[in-house]
Amino acid sequence: MANYNPQRIEKKWQDKWEKLGIFQARDKLKKAKFYVLVEFPYPSGEGLHVGHCRSYIAMDVLARKRRMEGFNVLFPIGWDAFGLPTENYAIKTGVAPSLATQKNTDNFRRQAKRLGLSFDWKREINTTDPNYYKWTQWIFLQLFKEGLAYKKKLPVNWCPSCKIVLANEEVINGACERCGAKVTKIEKEQWLLRITKYADRLSDDLAKVDYPGKIKILQKDWIGRSEGAEIEFPIKGSQEKIKVFTTRPDTLFGATYLVLAPEHELISKLSFTNINEIKTYIEKAKNKKEIERIALKKDKTGVELKGVKAINPATKGEIPVWVADYVLSHYGEGSIMSVPAHDERDFQFAKKYGLIIESVVIPSHKGVPREFIDYKKKETVEYWRNRIKLNGPVLIGGIVFNSGKFTGMPSEKAKWEITKFVGGKRKTQYRFRDWIFSRQRYWGEPIPLIFCEKCSWVPVLEKDLPVRLPEIKDYKPTEKGESPLAKVKNWVNVKCPSCRGQAKRETDVMPNWAGSNWYYLRYCDPKNNRKLADPKKIKYWLPVDWYNGGMEHVTLHLLYSRFIFKFLWDIGAIPKNLGSEPYKKRTAHGVILGGDGVKMSKSRGNIINPDKIVEQHSTDAMRLYTMFMGPFGEMIPWDMKGLIGARRFLEKVWRLGNQASNAKGNSLRLKKILHKAIKKVSEDIEVLKFNTAISTLMEFSNTWQQTPLDLSKEDLKDFLKILSPFAPHLTEELWEKSGFTGFCCQQKWPKADLKLIREEKINLIIQINGKVRDKIEINPGISQKEAENAVLKRERVKKWLAGKKIKKIIFVPEKLINIVV
RNA sequence: GCCGGGGUGGCGGAACUGCAAGACGCAAUGGACUCAAAAUCCAUCGAGCGCAAGCUCAUGAGGGUUGGACUCCCUCCCCCGGCACCA
């Protein structure tokens, strides 16, 4: 028997698979399909990360199983290659991003192939390929034409070190996500996408898809829908009104002042006496960095607009108006009505500045004694007033009091009655904002718009797409923070497509997300020059049946790409009869930590290189260990020693498999255990419990080892088949060596024989008073009577029952019998 | 602060809708094979008591429900992830 030589075997089979193209998905539009998707990687200079491997190997296991189950499987891969690291590298070294990308993708491709991943390489895509980004630009133009892309001057996050505008999600605790520098605010014209228009659908349609509850909650929280009312407060002696959004209109009678955000536009229109004080405050607020604002959460500051009085539309009373930076300009109307008795923040603020605290709601939930809910009793009302002033606000609804004709009404009802009474209207507000879609950078898709003095923004004609990214030498953004493209005069200056006059191209490029918004559609038809993909093929392959990726992408990427899909669906670019969700099922893998239990990073030097693992052990060992190390969804530290177990198992299978070709026996016992394993492995893969699937395979091999010659050829075949998704090379070699025909990975997935499994004898646990005292081997399906008779005869049982009276016998068929005395 | 998810041997982790806690793997210890080592194979491997059969305790802490709880309920502690002045 030749030694197990993974290096030779693995290369041999990878070459064979590739040569015969057996993993290519065919557009056989009648056959049952299955679309397995993994997040395509950003091809960094560091090469493939074990985190990528975890996801790719897991979905490869699934894809291989699905093929064996007879599905036409699409399992594609590509490169999300636009992005900052490559551009920063270019600034540092002068190497063109396109060249660096080429080098990096070559490396990633080589690594992926070496892992035996069954990707369809014929459909490989690259977001930086003009034939690809032509369609990214095309999608942008459709958004523009539908009024969903617009330009707006915005205070944006500015990283003084990277010289780039950052999206909110790129700012972590007030610092730049990439370089760690403190982020400041500047005003800049930006392209935005009106994703908020889709807020309700993005939230509601989550009911239609199979995502883990956790991911749905994250998305919903991100969208942050809340129901409330918009109410206007007139200003005394002025035509102006202050609009506020509130989720608690039931507390309107308790609104004792208003607060405007420092950026509120009304401030400049009102006349007040302390102009200088206000100016200083606003200036200071603007320069406050995110970090400080968060740190100052507990210590709120503000200034009163002296001389300005608003009218509470419910009480008709005059109330003061303040400016404070705890009110956010971008949420609701940028102004609030303050009800200190029923809001934590308002309470803090009112206490600090000595503002009036007026109680208007008595809580009526459980835990509050009945006499304390009786709003008619003077003492009760007094009790709540005092209590709130001393101990803080009551935040929950209940019964409204001190509120004119609404007194005595439950909060939920009073909300809408009071809103109606003051002429307010119901409103839904969202926490998330429109999506900033421009970057003042080089290495991204140029935004295909042209600015003409006469015609304003004009889309590039479709026939002129793609707008190619010009080759340049100097990749630095300008000092003003413009894209380096602004320096390429002969690219910027063009004729207006509409009036043929002098015009200029937009020099901003799109953010990273642009290319990944729709990539899964391109895989259906990656070479199409006339459409982003043939609708017939989209109709066949979509929705993606199973999409796996990192937890870090479940809010942004997932939300953005769902939005773009819905948009494309709305404009008919996607067949209507498809449904408006792109991903049927989404799962997420956990992070792999370094051996020291800390996140892998270059600076810590704890990065595991998959190439080394493959060289030192084997691809199959790498695959097996990656799947075996722990629960797929959880964070797990990488353990080099754990790999040894995987390698030993493979060696054992190699030895046993080689012996099995001269098998003489045909053990029924082995067959039964094998069929149990078939059942378990089949089920476990479906719920991503790879670790227990593999332990089942190991258990089988441990039993097999005791009588290596007792496994029949047919059973050997089945064993190799269920092992093959995990260790495809080894199983292929053993398949061939055993004289079986065809490829192991193209066999039919075996079915567990349930009858065989049921025939196994079962241990019946014998308990006395709930404690295990004995066990007995029984046939399945035995009745309680039979069990009792058998059990009561046993010596050990008699000993425990001696001198005691049996009260009750509990029988759980095929599991246990419990005698209570 | 709010929303999720967790705390099980020396370690990674098993345990179905409550029914033998610790599968599988790693490490460790003893043994076989060997001149020797590696590899492999066999055995032991939560704690305590016992010569043994066996008994008792044990799934973050405390309480509860149940014939029976890692699993369900209540209170508390700790860890991880997300959001964070969203009115």
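Residue numbers begin at 1 in each chain, while the letters A, B, ... track the order of the sequences.
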Could you give the distance separating B:rU34 and B:rC51 at their P atoms, to the nearest angstrom? 38 Å
Considering every strand and a 4.0 Å limit on heavy-atom distances, what is the contact class for A:Ile694: base, sugar-phosphate, or nothing? nothing
Looking only at side-chain N and O atoms, does A:Glu786 offer a donor or acceptor that is under 3.5 Å from a partner on A:Ser783? yes
Chi angles and distances behind the side-chain hydrogen bond (donor to acceptor under 3.5 Å, both in side chains) call for A:Tyr326, A:Asp299: CA-CA 10 Å; A:Tyr326 82 89; A:Asp299 187 33; over 6 Å; no
Do any side-chain nitrogens or oxygens of A:Arg431 fall under 4.0 Å of OP1 or OP2 in B:rA84? no
Contacts of A:Gln706 and A:Leu218 projected onto RNA chain B by closest heavy atom; the upstream (5') one is A:Gln706
Taking the six-membered ring for Trp, are A:Tyr560 and A:Trp513 closer than 6.0 Å centroid to centroid? yes
Please examine the side chains of A:Met337 and A:Phe233, heavy atoms only from C-beta on, and report whether any two atoms are closer than 4.5 Å. yes
Would you say the side chains of A:Gln705 and A:Arg655 form a donor-acceptor pair under 3.5 Å? no
For B:rG18, what is the paired nucleotide under Watson-Crick or G-U wobble rules, both distances under 3.5 Å? none
Specify the closest pair of heavy atoms between A:Ala646 and A:Ala621, including all atoms of both residues, with the distance to one decimal. CB-O, 3.8 Å
Can you check the A:Gln705 CD to B:rU40 C1' distance for me, whole Å? 9 Å
Under 4.0 Å between a side-chain N/O of A:Lys771 and OP1 or OP2 of B:rC57, yes or no? yes
OP1 or OP2 of B:rA15 sitting under 4.0 Å from any side-chain N/O of A:Lys689? yes
Find the distance A:Met551:CE to B:rG82:P and express it as a whole number of Å. 10 Å
May I ask you to say what A:Trp638 touches in the nucleic acid, namely base, sugar-phosphate or nothing, with a heavy-atom cut-off under 4.0 Å? nothing
Quote, to the nearest angstrom, the C1' distance that separates B:rG31 from B:rG81. 48 Å
Has A:Lys798 got more than 12 heavy atoms of other residues, nucleotides or ligands less than 6.0 Å from its NZ? yes
Please check if any side-chain donor atom of A:Ser226 sits under 3.5 Å from a side-chain acceptor atom of A:Tyr430, or the reverse. no
Who pairs with B:rA61 - Watson-Crick or G-U, where each distance is under 3.5 Å: B:rU75
5'-most by nearest nucleotide on RNA chain B - A:Lys775 or A:Glu634: A:Glu634
Sub-6.0 Å ring centroid separation between A:Phe690 and A:Phe628: no
Identity of whatever pairs with B:rA39 - Watson-Crick or G-U, under 3.5 angstrom: none
Whole-Å distance separating the CG atom of A:Asn3 from the P atom of B:rU40: 12 Å
With both distances under 3.5 angstrom, what nucleotide forms a Watson-Crick or G-U wobble pair with B:rC33? none
Tell me which nucleotide, if any, is Watson-Crick or G-U wobble paired with B:rA28 when both distances must be under 3.5 Å. B:rU44
Taking only the side-chain nitrogens and oxygens of A:Arg655, find out if one of them lies under 4.0 Å from OP1 or OP2 of B:rA39. no
Separation of A:Asn691 atom CG from B:rG12 atom C1', in whole Å? 10 Å
Just checking A:Arg225: base, sugar-phosphate only, or nothing, at a heavy-atom cut-off of under 4.0 Å? nothing
Between A:Glu39 and A:Arg586, is a salt bridge (charged side-chain N to carboxylate O under 4.0 Å, His left out) present by the stated rule, with each step listed? CA-CA 11 Å; A:Glu39 281 168 356; A:Arg586 162 80 192 200; 3.0 Å; yes
A:Gln659 atom CD is separated from B:rU40 atom P, nearest whole Å, by 15 Å
Syn or anti: how is B:rG9 classified when any glycosidic angle within 90° of 0 counts as syn? syn
Measure from CZ on A:Phe628 to P on B:rC11 and round the result to the nearest Å. 17 Å
Mate of B:rG4 where both pairing distances stay under 3.5 Å, Watson-Crick or G-U: B:rC80
N/O (side chain, A:Arg773) to phosphate O (OP1/OP2, B:rC55) under 4.0 Å: yes
Roughly how many Å is it from NE2 in A:His264 to P in B:rA87, rounded to a whole number? 17 Å
Verify the contact: side-chain N or O of A:Asn702 to OP1 or OP2 of B:rG25, cut-off strictly under 4.0 Å; return yes or no. yes
Which is true for A:Ser226 with a 4.0 Å heavy-atom rule: it touches a base, it touches only sugar-phosphate, or it touches nothing? sugar-phosphate
Counting just side-chain N and O atoms, does A:Arg648 come under 4.0 Å of either OP1 or OP2 of B:rA39? no
Using a cut-off of 4.0 Å on non-hydrogen atoms, how would the nucleic acid contact of A:Met635 be classed: base, sugar-phosphate, or nothing? sugar-phosphate
Once you apply a heavy-atom cut-off of 4.0 Å, does A:Lys652 come out as touching a base, just sugar-phosphate, or nothing? sugar-phosphate
Tell me whether the OP1 or OP2 atom of B:rA23 has a side-chain N or O from A:Thr696 closer than 4.0 Å. no
By the Watson-Crick or G-U definition, both distances under 3.5 Å, B:rC85 is matched with none
Which protein N or O atoms sit under 3.5 Å from an N or O of nucleotides 64-67 of chain B?
from: B:rG67; atom 1: N2; to: A:Gln767; atom 2: OE1; distance (Å): 3.2
from: B:rG67; atom 1: N2; to: A:Asn818; atom 2: ND2; distance (Å): 3.1
from: B:rG67; atom 1: N3; to: A:Asn818; atom 2: ND2; distance (Å): 2.6

